[in-house]
Number of protein chains: 2
Amino acid sequence: MDDLHSRKTLPRLDESLLTHLPPFSKLDKRQIRTILDQATSRRYDAGIAIFEEGHDADRFYMLLDGYVRVVRITPTGEQVTALHIPAGQLLGIARAIGRDTYPATAMTATESIALSWPTRLWDSFVQGYDGFATVTYKTLGHRVGEMNTRIVELATQQVEQRVANALLRLINQTGRKVEGGIEIDFPITRQDLSELTATTLHTVSRLLSGWEKQGIVESKRKRIKVCDPHALVIISQV
Amino acid sequence: MDDLHSRKTLPRLDESLLTHLPPFSKLDKRQIRTILDQATSRRYDAGIAIFEEGHDADRFYMLLDGYVRVVRITPTGEQVTALHIPAGQLLGIARAIGRDTYPATAMTATESIALSWPTRLWDSFVQGYDGFATVTYKTLGHRVGEMNTRIVELATQQVEQRVANALLRLINQTGRKVEGGIEIDFPITRQDLSELTATTLHTVSRLLSGWEKQGIVESKRKRIKVCDPHALVIISQV
DNA sequence: TCGTGAGTTTGCGCCAGAGCAAATTCACGA
DNA sequence: TCGTGAATTTGCTCTGGCGCAAACTCACGA
């Protein structure tokens, strides 16, 4: 078992880990091999910070499994979730936008597994591997788009619409079809959802209760199943 | 006089236009010359869209003079200002983040002048000119940071704090020292400020009135002078 | 099996700030 | 110089959703 502070290079990472992931999918076997040999693999428990805001951006990551929230912590200690990152995406790529510290903290939402590389290799990845730059800048573009959307939502929408939107986004990103609906396939508390929508856990709880009575969602502890996504779409647009 | 739709290449753009601007400052005279010869120069009246959200990102821009707001327009027609861009910065660099349409609309806040180039030249700029990529990605990083900050502000601060912050940011970016304080050196309405802080013009007006009574600001139509920045800092932190 | 604490639900009161309405002031062009 | 419309100010009302408090419920470990 890994303990929290161990970080070990596994004897031999399987090449199939990367071959189907967009930033690497164009590369040949030898290149993948080199990349894997330089990588460090680590498992993270749920609720652990992979890296923290303000720290030296000394590594960049590829999330292989799990789910990560990118959060900022205000001077008064409140957490605000800026975005969610699913498995298969790059993470901590501060270097791509010319920063040498991480602009936010990355917390695991579930147990997760990530590869990482020292940031000094970044330039060689960008220059040496065909398609790598293109794909990472597309990722970046996608995230900028998401942040933009979040700003507009916060600026113009009511709490009810924001929560509905957040749920829709979550089931799109990580929904798992189960009987009777689509479930968010990692544990998520009312608190988490409130940090994602800039409201309080009380208000989220009230909204979910209301929706449950209308048959739109079903929820247990840390589990939310959306039964009627269309109804949420209606709500989210008012 | 240019009319709104003319876009003319001036006979000879002066090289000093670019030599002191970061993305170009490392280049030699010949390179600058080439870049200028490929550029189109245009003047924009205040309140004009330089490019619009969703349109083909067919050109990228360098703002030489003036001031631009990057805004998004919601389905219901409200405008939300995502960020402000001062003279000397690149604009419309969707291509840098792998997008082929503009993710937002750029509106002039004052009369402005910008150079622009066809997007198909982007890659050659990035690859051909030393330091260009680094600087533009730094710009991008800066903007991502600003957006992050804005998300946190919207999520956690009261209206009064947001307006105070917005004013502070504006005088930092474009403040002009005048007797008795620092003035924002372009015309800005209460409405503009409300779109920047996600509130209503009425609330902004009330806040400014209050601050004026306390001697913190002075304001005429479309003009705001901050007399006591420190007081605003206090307010912004509550 | 039974605590125990984390997560959730619900009620109640309150207030920041939006919405609406109207008066007022200023800048600019004729 | 005056008229006109845009920008601003201000008063009043109303409400979404926050803060506080308390009860409840489940999952897990001893």
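Letters A, B, ... are given to chains in the order of the sequence lines, protein chains preceding strands, and every chain is numbered from 1.
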To the nearest Å, how far apart are [X] [atom1] and [N] [atom2]?
{"X": "A/Leu201", "N": "C/dT10", "atom1": "CG", "atom2": "C1'", "answer": "12 Å"}
{"X": "A/Trp211", "N": "C/dT9", "atom1": "CH2", "atom2": "P", "answer": "13 Å"}
{"X": "A/Asp192", "N": "C/dT8", "atom1": "CG", "atom2": "C1'", "answer": "13 Å"}
{"X": "A/Ile188", "N": "C/dT8", "atom1": "CD1", "atom2": "P", "answer": "10 Å"}
{"X": "A/Arg190", "N": "D/dC18", "atom1": "CZ", "atom2": "C1'", "answer": "19 Å"}
{"X": "B/Glu195", "N": "C/dA18", "atom1": "CD", "atom2": "P", "answer": "13 Å"}
{"X": "B/Glu218", "N": "D/dT9", "atom1": "CD", "atom2": "P", "answer": "13 Å"}
{"X": "A/Ile235", "N": "D/dG16", "atom1": "CD1", "atom2": "P", "answer": "15 Å"}

Exercise. So does A/Arg69 pair up with A/Glu195, basic N to acidic O under 4.0 Å?
Worked result: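 So A/Arg69 pairs with A/Glu195 through a salt bridge.
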
Exercise. If you measure only the distance, is there a donor-acceptor pair under 3.5 Å linking the side chains of A/Glu212 and A/Ser219?
Worked result: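 Yes, a side-chain donor-acceptor pair sits under 3.5 Å.
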
Problem set entry | Distance-only donor-acceptor check, side chains B/Thr199 and B/Thr197, under 3.5 Å |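 Not at all, the side chains of B/Thr199 and B/Thr197 share no donor-acceptor pair under 3.5 Å.
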
No-H, no-angle donor-acceptor pair, [X] side chain to [N] base, under 3.5 Å:
{"X": "B/Arg206", "N": "C/dG19", "value": "yes"}
{"X": "B/Arg221", "N": "C/dA27", "value": "no"}
{"X": "A/His202", "N": "C/dT8", "value": "no"}

Check whether any side-chain N or O of [X] sits under 4.0 Å from OP1 or OP2 of [N], and answer yes or no.
{"X": "A/Thr200", "N": "D/dC18", "answer": "yes"}
{"X": "B/Thr203", "N": "C/dG17", "answer": "no"}
{"X": "B/Thr189", "N": "D/dA7", "answer": "no"}
{"X": "A/Ser209", "N": "C/dT10", "answer": "yes"}

For this session: Describe the nucleic acid contact of A/Ser205 in one word from base, sugar-phosphate, nothing, applying a heavy-atom distance below 4.0 Å.
Result: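 Answer is base: heavy atoms of A/Ser205 come under 4.0 Å of a base.
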
Exercise. Which of these passes side-chain contact (heavy atoms from CB on, under 4.5 Å) with B/Glu183: B/Val226, B/Thr174, B/Val178, B/Leu170?
Worked result: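 Exactly one pass, corresponding to B/Val178.
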
Problem set entry | Nucleotide nearest A/Gln158 when distance is taken to its side chain, options C/dG17, C/dT8, D/dG17 |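 So the side chain of A/Gln158 is nearest to D/dG17.
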
For this session: Select one nucleotide: of D/dA7, C/dG7, C/dT9, the one nearest the side-chain heavy atoms of B/Lys222.
Result: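 Looking only at side-chain atoms, B/Lys222 lies closest to D/dA7.
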
For this session: Identify the heavy atoms of A/Tyr61 and A/Ala114 that sit nearest to each other, and give their distance.
Result: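 The answer is CD2-CB, 4.4 Å.
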
Exercise. Between A/Lys220 and B/Gln191, which has a closest nucleotide on DNA chain D that is more 5'?
Worked result: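 This one resolves to B/Gln191.
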
